[in-house]
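One-based numbering, in listed order, for ligands and for the atoms of each. Values below: every heavy atom of this structure, side chains too, minus hydrogens, waters and symmetry copies.
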Amino acid sequence: MLSWFLMKENQKVLVIDKYNPSSASNVASGITNPITGRKFVKTWLADEMLPFAESIYREFEKLFQQDFFNSVSIIKILDSIKAQNDWSTRCSSPEYLAYLKNETIIRFDRDKVKNDFGGFEINGASRLETDKFLSLYRNLLKEKEALLEDEFDFERLEVEEKFVSYKGKQAQKIFFCEGANAVHNPYFKFLPFQLAKGECLIVRIPDFYPNQVINGEVFIMPMQEKDLYYIGATHEWQFDDDQPSEKGRNELLGNLSTVLKAPFEIVEHKAAIRPTVKDRRPFIGFNPESPNVGIFNGMGTKGISLAPYFANHFANHLLKGKDLMKEVDIKRFL
Ligand SMILES: Cc1cc2nc3c(=O)[nH]c(=O)nc-3n(C[C@H](O)[C@H](O)[C@H](O)COP(=O)(O)OP(=O)(O)OC[C@H]3O[C@@H](n4cnc5c(N)ncnc54)[C@H](O)[C@@H]3O)c2cc1C
């Protein structure tokens, strides 16, 4: 995203990236959700960020002449009378009007979904097919000769006062956007990442609900292929690797059993590490001693909506001198 906003302003960019099918972006369900959590709280900056993200993904759809960003209807399952009351209170708040328009309780077939207290619809959510979008963007970079598919080697980076050089190529600046791998970056050791591993299952559920995302203890999200659903995701703060685990699978199946009654079959099990952050705000800015070395990271659990908005914000800071928002500027840790 950052490379895109810089190229739009006629900057010459080289992206160095080793393709990783298990990156957080490739494994993500790709949802942008305006209302999250047990208390149904509005996502930070939702009113500006979600329409902006949509406009950017639509721009990409037009450019690539492909479809990979779609509105989705999320039905949040209510688990008690208290939850019903909390939701009803939210519906009457003007701030939530755009996202909780419909005060009707939705009921699912009880043979398929456990929903004793029903569910409610969240408006304004979307889904990005991340792997499709990223693969198209990689092709665009290749066409522009702006992609170096390589494992980054810190030994080969030279940081001078006015420029940086890497394997014989010179640039004014370098920006690290390595996701969870940034914990090994020597220039940003001081940033308080608090990584969270996430696992998901792809399952086949014949004759289920192909037009709604059902959100209980887990998300049951219809995928493009008929009868396939994405079940996600776990949040694990203690882990040894980025591989799918027995523990993650059991947790997902346990949570799934609290929502799903229909029979299903597991097709795939995936895992990735999210670049989550202690204060849940992105990491944007420069190394205090090497002002040519920047970072754009910390997208946490919401990269799909945060990345377009803050890549544009960072590009405006870099090229137009606009202030960086204090909440995202890494100066908050200096
Ligand atoms: C199971 C799961 C579900 C999720 N669901 C959602 C969701 O529904 N909605 C949402 O908004 N977010 C979701 N997320 C979070 C989202 O995936 C992240 O916020 C986002 O993808 C982070 O993007 P990133 O580019 O910072 O990191 P990544 O996607 O990890 O990308 C980092 C890139 O840097 C490359 N790289 C790193 N180090 C090097 C190196 N040394 N050399 C070369 N290349 C390198 C990697 O190969 C990779 O391509 C989910 C995450 C998980 C794990």
Side-chain angles (χ1 to χ4, degrees), residues 1-4 14-34 36 43-44 46 49-50 53 57 69 72 74 125-131 133-135 137-138 141 147-157 166-167 174-188 191 193 195-202 213 215 218-219 221 223 230-236 239 242-245 248 251-252 268-277 280-284 295-311:
M1 275 295 165
L2 185 58
S3 63
W4 174 248
L14 177 69
V15 175
I16 305 169
D17 182 80
K18 185 159 192 265
Y19 172 66
N20 175 10
S22 300
S23 69
S25 303
N26 277 319
V27 170
S29 48
I31 298 267
T32 67
N33 186 357
T36 53
T43 300
W44 182 54
M49 198 167 68
L50 298 186
Y57 293 122
F69 186 79
V72 290
I74 297 184
S126 306
R127 185 196 172 213
L128 175 74
E129 287 173 67
T130 54
D131 47 355
F133 164 62
L134 285 173
S135 137
Y137 190 67
R138 280 189 101 75
L141 291 175
L147 179 66
L148 177 62
E149 294 194 81
D150 202 2
E151 177 77 38
F152 190 79
D153 179 359
F154 282 94
E155 300 281 311
R156 305 285 301 273
L157 175 67
Y166 181 74
K167 294 191 177 175
I174 182 163
F175 301 97
F176 286 100
C177 318
E178 312 148 279
N181 219 11
V183 293
H184 306 297
N185 187 317
Y187 290 90
F188 295 100
L191 292 177
F193 279 98
L195 304 181
K197 183 173 174 180
E199 300 194 34
C200 65
L201 296 171
I202 311 297
V213 177
N215 179 199
V218 282
F219 265 86
M221 183 189 77
M223 302 192 66
Y230 182 109
I231 310 296
T234 60
H235 286 80
E236 182 73 61
F239 50 86
D242 62 357
Q243 295 301 304
S245 70
E251 185 181 326
L252 285 164
E268 208 180 341
H269 179 188
K270 299 198 257 190
I273 317 260
R274 302 175 184 89
T276 29
V277 164
R280 298 185 186 192
R281 296 290 177 258
F283 287 156
I284 302 179
I295 188 164
F296 183 73
N297 207 318
M299 301 294 137
T301 58
K302 296 200 167 80
I304 313 307
S305 42
L306 287 168
Y309 186 85
F310 281 106

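Considering each of Asn20, Leu148, Asp17, Leu2, the one bringing a non-hydrogen atom nearest atom 48 (C) of ligand 1 is Asp17. Remark: among candidates Glu151, Glu199, Met1, the nearest residue to atom 40 (C) of ligand 1 is Glu151, based on non-hydrogen atoms.
Aromatic ring centroids of Phe176 and Phe154 lie under 6.0 Å apart.
The protein atom (non-hydrogen) at minimum distance from atom 28 (P) of ligand 1 is Ser25 OG, 3.8 Å. Atom 37 (C) of ligand 1 has its closest protein heavy atom at Glu178 O, 3.4 Å.
At a heavy-atom distance under 4.0 Å, only side-chain atoms of Pro275, from C-beta outward, approach ligand 1. Using a 4.0 Å cut-off between heavy atoms, Thr130 makes no contact with ligand 1 at all. Only the backbone of Asp150 comes within 4.0 Å of ligand 1, counting heavy atoms alone; no side-chain atom from C-beta on gets that close. When heavy-atom distances to ligand 1 are checked against a 4.0 Å cut-off, Phe176 has no atom that comes that close, whether in backbone or side chain. Only the backbone of Cys177 comes within 4.0 Å of ligand 1, counting heavy atoms alone; no side-chain atom from C-beta on gets that close. Only the side chain of Ala233 comes within 4.0 Å of ligand 1, judged by heavy-atom distances.
Considering Ile295, Leu157, Leu14 as possible partners of Ile174, the one that fulfils the side chain to side chain contact (heavy atoms under 4.5 Å, CB included) test is Leu157.
For the residue pair Tyr137 / Ser3, a side-chain donor-acceptor distance below 3.5 Å is found, with atom types taken as modelled.
Here the side chains of Leu147 and Tyr19 are not in contact, with every heavy-atom distance at 4.5 Å or above.
Although no hydrogens or angles enter the test, the distance criterion places no donor-acceptor pair under 3.5 Å between the side chain of Arg274 and the main chain of Ala24.
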